[in-house]
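What follows is a single structure, written as structure tokens, with notes after it.
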Amino acid sequence: MTEPEAPSRADATRARLLSAAAAAFAERGFHGTTTRDIASAAGMSPAAVYVHYKSKEQLLHQLSRVGHQRIIDAIDAVDDASDTPAERLAAAMRAFATHHASSHTSVRVVNYELDALTEEHRAEIGGLRREITRRLRAIVDAGVADGSFDTPDPRMATIAVLSSGIDIGRWYHDGGEITPDRIGDFYADLALRTVGASTTDIPK
């Protein structure tokens, strides 16, 4: 009888499987990827995959849950309520865009394969996505309230800002002239212009 894997070894195995699944889903799409594809990329047998994940969909759900939570954590790490709305929006959007460039393979999967999730899992991820929107919308609303932002439709401005950042995962690739940090700075500026921030609040 084989000994169960130690937690650290099991965690490393699951992480390897998630990384392999993200790469495979990004390349072939969820429906075009087989469990065998994921196992092969992870250097495992197909049967070994089921020790850790019951299905291909469960792998996608885990990728989606972790990926969206990382975005929330990235925003929370830079959002200081004592800063001005312009400073807060620039910091949040810089973190959002930089993450989408740095993790472009996984974010492409978690943003564009949502329909492959079960109804229950899709509802869970939808809640995380609404939480991301709520955080950005709160900053936009604060700027409108104190007069530092001038937008007739804060809701649409928030959607536009987030949608532009999400799309980074679709077109960005490693090795080009545009770095994640440069993207972060550009999208921070773009967000401020989208909400009609005072020109004195936009970094030069």
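These numbers come from the heavy atoms of this one structure, side chains and all, not from hydrogens, waters or symmetry mates. This chain uses plain numbering: 1 for the first residue, then up along the sequence. As the structure is a computational prediction, the values presented were derived from the model and not from experiment.
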Notebook entry, point to check: Has Arg28 got more than 12 heavy atoms of other residues, nucleotides or ligands less than 6.0 Å from its CZ?
Noted result: yes
Check: Who passes salt bridge (Lys or Arg N to Asp or Glu O under 4.0 Å) against Asp167, sequence neighbours left out?
Finding: Arg170
Could you tell me whether the side chain of [X] and the main chain of [Y] form a donor-acceptor pair under 3.5 Å?
X: Thr194; Y: Leu190; value: yes
X: Ser103; Y: His100; value: no
X: Thr158; Y: Pro154; value: yes
X: Glu57; Y: Thr118; value: yes
X: Tyr187; Y: Phe96; value: no
X: Lys56; Y: Thr34; value: no

Checklist line | Ionic contact status for Arg134 with Glu131, cut-off 4.0 Å | finding: yes
Check: Pick one: which of Asp185, Asp79, Asp181 meets salt bridge (Lys or Arg N to Asp or Glu O under 4.0 Å) with Arg94?
Finding: Asp185
Check: Are Thr33 and Glu27 close enough that some pair of their side-chain heavy atoms sits under 4.5 Å apart?
Finding: no
Next item on the list: Among Ile, Leu, Val, Met, Phe, Trp and Tyr joined by side-chain contacts under 4.5 Å, find the other residues sharing a cluster with Met156 and list them by chain and number.
Entry: Ile159
Notebook entry, point to check: Would Thr35 and Tyr53 satisfy side-chain hydrogen bond (donor to acceptor under 3.5 Å, both in side chains), going step by step from the backbone distance to the final call?
Noted result: CA-CA 10 Å; Thr35 304; Tyr53 295 97; over 6 Å; no
